[in-house]
Structure formats: structure tokens, C-alpha cells
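Structure first, commentary second.
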Amino acid sequence: MDLAIFWFILIAVLWTGYLVLEGFDFGVAMLMEKVGKGDRGRRTALNTIGPVWDGNEVWLLTAGGATFAAFPEWYATLFSGFYFPLLLILLALIVRAVAIEYRGKINEDSWRRRWDWVIMGSAWVPSILWGVAFANMVRGVPIDETFTYTGGFFNLLNPYALLGGATTLALFLSHGAIFLALKTNGEVRERAEAVARRVAPIALVIAAVFAIWTQLAYGVAWTWGAVVIAAAGLAVAVGAGRIGRYGIAFTGNAVAIAFAVVLIFGSLYPDVMPSSTDPAFSLTVQNASSTDYTLTVMSWVAVILTPVVLIYQGWTYWVFRRRLSAENIPEHNSLTFLKK
């Protein structure tokens with residue numbers, strides 16, 4: 001296999017890992033208030049992702065680093081053209097990390113509530129903008145003969161891209177609710193199950209519209225298979241959630257997200273960033289890639305280190321596999337601000 005194609009596929013795999021794993025992180029954060037109904041409930045929800053959320057972000061760093069090294073032209077055009085939305089995503093991820101770490105440092109209700117709202121808000125922003133970004137990549141953006149993005153921010157806010165944002169938002173909300181139903185007991189679990197039963201059918205409808213639009217406008221013959229499998233995964237998630245089989249529901253949702261990525265990258269190929277100005281100006285797998293030597297070195301590193309990372313992350317999930325309930329949450333520390 002051509003190394004440029006290999007790295008195009010590997011980057012798609014990295015994005016799949018990120019969206020499947022970080023997707024339920026975002027969903028849990030967005031649903032903290034809804035399923036928590038109190039400080040201890042919100043802490044229970046947050047603690048379900050506490051051991052894994054930062055590890056899940058590694059997939060994003062790896063996907064971004066791999067794009068920079070394997071396809072520097074793609075990276076340059078993408079990050080300059082989508083500068084503002086990607087900056088918003090980056091700021092949201094930074095703020096979320098700070099909020100998760102700072103929330104429990106001071107034993108004051110007002111302190112914790114402020115950080116709770118920050119955690120929830122910083123999950124909504126990337127949940128929408130990732131869909132907007134990927135939809136615009138598939139649709140194509142104004143690129144000139146120097147591979148420079150010539151549009152503005154509002155070029156990115158077209159109906160197809162906004163539907164993409166609604167799709168990732170709905171999928172992540174459903175994914176997070178199902179994950180909470182799997183990882184909690186007591187009232188938090190009951191509320192999460194109720195949310196999952198309501199949100200999963202909505203996610204199915206929105207994602208179906210987006211997938212069909214993508215396939216009819218930008219897809220190729222074989223990507224119909226990705227559409228069908230993604231739809232089947234969401235249907236399984238809805239059906240399994242109805243009968244309380246949330247392990248199966250979570251698997252169905254993960255499969256749907258994975259094959260949505262297959263649909264997106266399959267619709268892109270052989271482009272990595274189509275030009276809506278002139279197809280001749282499009283960035284492709286071949287004209288955007290690094291040299292064969294660079295790709296060869298990267299391939300050996302990936303073959304050696306990727307299994308190690310996968311084994312370690314799998315072990316992490318196994319160690320923290322048990323359910324949580326409000327009774328498992330310890331009392332707050334006694335640290336408060338000094339009173340003058």
C-alpha cells in the first residue's frame with residue numbers, strides 16, 4: 001500500500017478513537033446538571049470520566065500531530081482556514097481541563113457551581129464545532145492555487161455544516177447518557193437512562209439526515225455500506241436502550257460514530273481538503289503528503305508504539321470498570337478561602 005494512503009487511513013482511525021472516546025466525555029459533561037440534581041450527583045457523573053478523560057484527549061493530539069507530519073499542506077490549510085473555530089475548540093478543551101481539576105479544590109458551593117457551568121459549557125462548544133469542521137472538509141471550502149483558504153468564518157456556517165454540528169452534538173449527548181447508564185447506580189443511573197431513551201431516537205433521525213445528505217452529495221458507491229452500518233448501530237442503540245441493555249447500546253453508538261468517520265473520510269478520498277473554488281486547487285492525499293522517507297520513519301514508530309498505547313489505555317478502562325453511585329463519593333476537603 002502507498003504510504004500516503006496508509007497514513008490517510010491511520011489518521012481516520014485516530015479520529016475514530018478520539019470521537020468515540022471523547023464523545024462520551026463531552027456527553028457526560030453536558031448532562032451533569034440534568035442527571036446530577038445536586039452536588040453529589042454531579043460529582044458522581046464527573047467521576048465516571050475522571051480517570052479517563054485526559055487519556056482520551058491523547059487521540060486528538062496524536063491525530064493532529066500525525067496530520068502535521070504526514071500531510072503538512074493539509075495541516076497548514078486546515079488550521080489557517082479553520083483558525084477561529086479550532087481556536088474556540090482549543091480554548092474550550094483548556095478551560096475544561098482547568099475546571100475539572102479546580103472544581104474540588106475549595107469547599108464552597110458557589111466555587112463548585114461556577115466550575116460546573118464551565119465544565120458543561122466547554123463540552124457544548126467542541127461537540128458542535130467538530131461536526132461543523134468535518135462537514136466543511138467534506139463539502140469543500142474556498143482554496144486558491146497556493147492551497148490557501150480564501151473564505152471567512154461565515155463561509156463555514158452553511159446549512160450542511162450546521163447539520164453536521166447538530167449531528168455530533170446529538171450523538172455525543174446520546175453517547176454520554178448511555179455511558180452514564182453503564183457506569184452509575186442509583187438516581188443518577190435512573191435519570192441517565194431516561195435521558196438516553198429520549199435522546200437516542202433524536203440522534204438517529206438527525207444523523208440519518210446528515211448521512212444521507214453526505215452520501216447523495218459527496219459519497220461514492222462503497223460508502224453506502226458505511227451509511228447502512230452507522231444507521232444499524234444507532235438503531236441498535238435505541239432498541240437496546242429501550243430494554244435496558246446499555247452495554248449493547250453503547251457498542252451500537254460507538255459503531256455508528258466509527259462508521260460516520262468512515263463515511264466522512266471515504267467521501268473525501270482522494271482529496272483531504274476539496275476546493276470549492278476550482279477542483280484543480282484541491283488538496284489530495286498525494287499532493288499534500290510528506291516525503292516517502294518521512295512517512296517510512298513515521299510508519300515504523302506507529303507500528304511499534306501504537307499497540308503499547310492501546311494496551312495501556314485498555315488496562316486503564318479495565319481498572320476503572322466498576323459502577324459508581326452517590327454513596328461512593330467522599331466528603332469534600334476542608335479547604336476554604338481565608339476570611340478577612
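Remark: Tyr312 pairs with Trp315, Thr316 by the side chain to side chain contact (heavy atoms under 4.5 Å, CB included) rule, at least two apart or across chains. For Val118, the side chain to side chain contact (heavy atoms under 4.5 Å, CB included) partners at least two apart in sequence or on another chain are Val95, Ala99, Trp115. Under the side-chain hydrogen bond (donor to acceptor under 3.5 Å, both in side chains) criterion, Arg103 pairs with Asp39, Asp116, sequence neighbours left out. Partners of Phe68 under the ring pair (Phe, Tyr, Trp, His ring centres under 6.0 Å) rule, at least two apart in sequence or in another chain, are Tyr75. Listed by chain and number, the residues in a side-chain hydrogen bond (donor to acceptor under 3.5 Å, both in side chains) with Asp144 are Thr146 (sequence neighbours excluded). Residues forming a side-chain hydrogen bond (donor to acceptor under 3.5 Å, both in side chains) with Thr214 (at least two apart in sequence, or on another chain): Tyr160. Legend: residues meeting side-chain hydrogen bond (donor to acceptor under 3.5 Å, both in side chains) with Asn287, ordered by chain and number and at least two apart, are Thr284. The ring pair (Phe, Tyr, Trp, His ring centres under 6.0 Å) check on Tyr246 picks up nothing, with sequence neighbours excluded. Not a single ring pair (Phe, Tyr, Trp, His ring centres under 6.0 Å) links Phe259 to another residue, sequence neighbours left out. Residues forming a ring pair (Phe, Tyr, Trp, His ring centres under 6.0 Å) with Trp7 (at least two apart in sequence, or on another chain): none. Partners of Arg40 by side chain to side chain contact (heavy atoms under 4.5 Å, CB included), not counting sequence neighbours, listed by chain and number: Ala326, Ile329, Glu331.
With rounding to the nearest 0.5 Å, the separation of OG in Ser127 from CG in Leu169 is 6.0 Å. Note that the CD1 atom of Ile128 and the OG1 atom of Thr167 stand 11.5 Å from one another [nearest 0.5 Å]. Note that CE of Met273 is 10.0 Å distant from OG of Ser282, once rounded to the nearest 0.5 Å. To the nearest 0.5 Å, atom CG of residue Leu324 and atom OG1 of residue Thr184 are 8.0 Å apart. With values rounded to the nearest 0.5 angstrom, Met298 atom CE is found 9.5 Å from Phe6 atom CZ. Here Ile9 contributes atom CD1 and Leu14 contributes atom CG; the two are 12.0 Å apart, rounded to the nearest 0.5 Å.
At a threshold of 4.5 Å between non-hydrogen side-chain atoms, the residues Leu21 and Asp25 do not count as touching. Under the 4.5 Å side-chain criterion, counting only non-hydrogen atoms from C-beta, Ile5 is in contact with Gln286. Side chains of Thr306 and Leu310 form a contact here, defined as non-hydrogen atoms less than 4.5 Å apart. At least one side-chain heavy atom of Pro72 sits less than 4.5 Å from a side-chain heavy atom of Ser290. Glu22 is not listed as a side-chain neighbour of Leu60, based on a closest heavy-atom distance of 4.5 Å or more. Counting heavy atoms from C-beta outward, Val35 and Glu187 have side chains that stay 4.5 Å or more apart. Contact of the Ser174 side chain with the Leu171 side chain is not registered, since no non-hydrogen atoms from C-beta on lie closer than 4.5 Å. At least one side-chain heavy atom of Met120 sits less than 4.5 Å from a side-chain heavy atom of Met32.
With ring centers used as reference points, Phe8 lies under 6.0 Å from Phe265. Side-chain rings of Trp130 and Phe172 stay apart, their centers remaining 6.0 Å or farther from each other.
Checked for salt-bridge contact, Glu33 and Arg113 meet the test: a charged N lies under 4.0 Å from a carboxylate O. A salt bridge does not link Glu108 to Arg112: none of the charged side-chain nitrogens sits closer than 4.0 Å to a carboxylate oxygen.
Nearest heavy atoms, Leu204 versus Ala231: CD1-O, 4.1 Å. Shown here for Ala12 and Val261, the closest heavy-atom pair between the two residues is O-CG1, 3.6 Å. Nearest approach of Ser122 to Ala92, heavy atoms of both residues: CB-O, 3.3 Å. Taking all atoms of both residues into account, the shortest heavy-atom contact from Ser267 to Val138 is CB-CG1, 4.2 Å. For the residue pair Ser276 and Pro142, the shortest heavy atom distance occurs at OG-N, 3.1 Å. Nearest approach of Met30 to Ala123, heavy atoms of both residues: CG-CB, 3.7 Å.
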**Prompt:** Please walk me through it: do Trp15 and Phe134 pass ring pair (Phe, Tyr, Trp, His ring centres under 6.0 Å)?
**Reply:** CA-CA 11 Å; Trp15 277 111; Phe134 277 109; 5.0 Å; yes

**Message:** Before you tell me yes or no, could you show the steps for Thr168 and Phe26 under side-chain contact (heavy atoms from CB on, under 4.5 Å), namely the whole-Å CA-CA distance, both residues' side-chain angles and the distance that decides it to 0.1 Å?
**Reply:** CA-CA 10 Å; Thr168 50; Phe26 291 147; over 6 Å; no

**Message:** Show, in sequence, the C-alpha distance, side-chain angles and deciding distance for Arg191 and Lys37, and conclude whether the side-chain contact (heavy atoms from CB on, under 4.5 Å) test is met.
**Reply:** CA-CA 9 Å; Arg191 297 188 191 104; Lys37 302 295 184 182; 3.2 Å; yes

**Message:** Using side-chain contact (heavy atoms from CB on, under 4.5 Å), reason through Thr48 and Arg323 one step at a time and then give a plain yes or no.
**Reply:** CA-CA 8 Å; Thr48 62; Arg323 291 180 182 270; over 6 Å; no

**Item:** Val188 vs Arg42, side-chain contact (heavy atoms from CB on, under 4.5 Å): CA-CA, chis, key distance, verdict
**Value:** CA-CA 9 Å; Val188 174; Arg42 290 189 292 271; over 6 Å; no

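Taking the six-membered ring for Trp and thresholds of 30 and 60 degrees, Phe179 and Phe250 have ring planes inclined between 30 and 60 degrees apart.
Looking at His175, its side chain does come within 3.5 Å of a backbone N or O of Val20 through a donor-acceptor pair. Checking side-chain atoms of Asp278 against main-chain N and O of Phe281 turns up no donor-acceptor pair under 3.5 Å. Trp59 contributes no side-chain N or O that, together with a main-chain N or O of Thr16, makes up a donor-acceptor pair within less than 3.5 Å. Not a single donor-acceptor pair under 3.5 Å links the side chain of Arg139 to the backbone N or O of Ala217.
Side chains of Ser299 and Thr296: no donor on one and acceptor on the other come within 3.5 Å. Inspection of the Asn136 and Asn155 side chains reveals no N or O donor paired with an N or O acceptor under 3.5 Å.
The list of salt bridge (Lys or Arg N to Asp or Glu O under 4.0 Å) pairs with a residue in residues 50-69, not counting sequence neighbours, reads Glu57-Arg96.
Leu263 and Trp213 fall into different hydrophobic clusters, where Ile, Leu, Val, Met, Phe, Trp and Tyr are joined by side-chain heavy atoms under 4.5 Å apart, directly or via other members. A chain of hydrophobic side-chain contacts below 4.5 Å, direct or via other Ile, Leu, Val, Met, Phe, Trp or Tyr residues, connects Val125 to Leu93. One hydrophobic cluster, built from ILVMFWY side chains closer than 4.5 Å, cannot hold both Trp224 and Leu234; they sit in different ones. Note: the hydrophobic cluster containing Leu31 also contains Ile202 (ILVMFWY, side chain heavy atoms under 4.5 Å, direct or indirect links). Following chains of ILVMFWY side-chain contacts shorter than 4.5 Å, one cannot reach Val98 starting from Leu90, and the two form parts of different hydrophobic clusters.
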